There are 2 protein chains.
Amino acid sequence: MPDTATRIMLAAADAFAEHGFPATTTRDIASRAGLSPAGVYVHFASKEVLLFEISRRGHARARDLLVAAAEEAPSPTAALRALVGGFSRWHAEHFQLGRIVQFEFRHLSGEHRAEVIGLRKDIDRVLADVLRDGVRTGELDVEDVQTTALALMSMAIDVARWYVPGGRRTPESIERTYGDLAVRLARGAG
Amino acid sequence: MPDTATRIMLAAADAFAEHGFPATTTRDIASRAGLSPAGVYVHFASKEVLLFEISRRGHARARDLLVAAAEEAPSPTAALRALVGGFSRWHAEHFQLGRIVQFEFRHLSGEHRAEVIGLRKDIDRVLADVLRDGVRTGELDVEDVQTTALALMSMAIDVARWYVPGGRRTPESIERTYGDLAVRLARGAG
DNA sequence: GTCTATAGAAGGATAGAC
DNA sequence: GTCTATCCTTCTATAGAC
């Protein structure tokens with residue numbers, strides 16, 4: 001049994017993913033965590049702080065995943081495949097967390113938003129660096145690195161919006177297909 | 001000066017795009033439209049009906065745009081470029097409407113959601129048909145038509161999430177770049 | 001068709017007992 | 001650290017005058 005604070009975060013993540021942040025009530029969160037409405041406030045100062053904690057941890061985990069994938073890959077092409085494939089798979093496996101991270105962002109307070117933006121820039125940079133590496137070695141052919149990186153991130157992020165567990169597409173098949181698509185996109189007409 | 005119902009819809013679209021549906025108050029909508037809080041209900045039965053009307057019209061316009069682009073194109077490759085480029089540009093030019101259409105969907109009532117889903121299937125089919133056409137003629141090389149269509153739609157739809165007017169990227173440059181990326185993605189290694 | 005006023009419900013957060 | 005009870009605010013939607 002995880003500790004109470006963790007249970008509350010898991011309950012809140014479920015609720016936020018299902019209804020969105022503003023439409024989620026603290027009563028719903030408390031009830032999912034097996035607490036009274038007041039019980040939440042012993043562990044978190046407000047509903048917004050709860051969103052922030054979930055967002056911060058989610059972003060940090062996604063970033064660590066990407067950095068590790070980039071470092072382990074033997075070539076820019078392999079790194080590109082691992083990055084986009086892995087990020088896409090992550091957004092399928094953790095589609096609830098992904099939705100919160102990507103789509104509830106605007107409901108963070110100014111200060112909290114700024115901190116999360118920093119993590120986002122780290123994430124964007126990892127992919128752009130891989131593309132630049134590949135262009136330098138000649139493996140990849142990309143006209144506009146920034147925009148191509150953005151488009152690839154869009155493909156992966158959007159998985160969280162449409163993914164339904166138990167559907168035709170599995171996280172593994174998404175990883176494979178999206179990794180392939182990324183390489184096709186960045187290798188050009190050959 | 002547009003009629004009052006239209007003014008209310010425009011005001012609501014602004015507010016929904018800025019705060020999301022649940023966090024938007026009917027008072028805010030009324031105030032933006034230059035009405036008292038009660039004035040809205042003469043024209044729309046509820047806040048949810050307002051969201052539905054905006055969503056329905058937005059989807060229908062996007063669909064008409066795509067169908068027209070597909071019909072006018074002289075070849076599957078040209079159609080693919082026009083479709084993805086045009087859809088991406090639309091999500092930049094109408095990023096507010098795009099956000100509502102794509103990200104406030106879950107707040108529609110069951111009946112209204114079903115009607116919008118029908119429009120979405122039309123939209124998805126247009127792109128999948130173009131890819132299939134191109135595979136048949138041999139112009140395009142796509143392994144999984146459904147998933148490739150989905151990934152291309154993701155690229156375009158996600159523009160509404162990140163686009164900021166007045167930024168480095170214009171709707172025109174997005175149209176060009178994303179149209180090119182789509183062709184690269186579907187033409188394969190050549 | 002627009003207003004003022006308000007009903008009626010629900011939500012975020014706190015007080016204070018245990 | 002958890003509960004019950006509740007404060008206070010805010011919200012959607014309606015009533016009824018004009």
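Letters A, B, ... are given to chains in the order of the sequence lines, protein chains preceding strands, and every chain is numbered from 1. Quick caveat, the model's predicted, so the values are computed rather than measured.
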Can you tell me the distance, in whole Å, between the OH atom of A:Tyr41 and the P atom of C:dA15?
13 Å
From the options D:dA5, D:dA15, C:dT2, select the nucleotide whose nearest atom is closest to the side chain of A:Ala38.
D:dA5
Hey, which sits more toward the 5' end of DNA chain D by its nearest nucleotide, B:Lys47 or A:Gly34?
A:Gly34
With ring centroids as reference points, do A:His91 and A:Phe95 lie under 6.0 angstrom apart?
no
Using atom NE2 of A:His43 as one end and atom P of C:dA13 as the other, report the distance to the nearest whole Å.
16 Å
Atom CG of A:Asp28 to atom C1' of C:dA13: distance rounded to whole Å?
17 Å
As a test of reading the structure: which of C:dA5, C:dT2, C:dG12 is closest to the side chain of A:Arg27, going by heavy atoms?
C:dG12
Once you round it to whole Å, what is the distance between P of D:dC11 and CG of B:Leu50?
16 Å
A:Thr26 side chain near C:dA13 phosphate (N/O to OP1/OP2, under 4.0 Å)
no
B:Glu48 and B:His107 side chains, donor-acceptor separation under 3.5 Å:
no
Could you tell me how far apart A:Ile8 (CD1) and D:dC3 (C1') are, to the nearest whole angstrom?
14 Å
Nearest-nucleotide pick for A:Ser46, side chain only, options being C:dA13, C:dT14, C:dC3:
C:dA13
Does A:Arg169 qualify as a cation-pi partner of A:Trp162, given the criterion of NZ or CZ under 6.0 Å from the six-membered ring centre and within 45 degrees of its axis?
yes
Within this structure, what is the CZ-to-C1' distance between A:Phe44 and D:dT2, rounded to whole angstrom?
16 Å
Cation-pi check for B:Phe105 against B:Arg120: NZ or CZ below 6.0 Å from the six-membered ring centre and within 45 degrees of the axis, yes or no?
yes
Over how many whole Å does the gap from A:His19 atom NE2 to C:dG12 atom P extend?
12 Å
Short question: side chain of A:Ser173, backbone of A:Thr170 - any donor-acceptor pair under 3.5 Å?
yes
Let me know the distance between CD1 of B:Ile29 and P of D:dC11, rounded to the nearest Å.
12 Å
Mind checking A:Ser36 for me? I need base, sugar-phosphate or nothing, with any heavy atom below 4.0 Å counting as a touch.
base
What nucleotide, of D:dT14, D:dG1, C:dT2, holds the atom closest to the side chain of A:Val42?
D:dG1
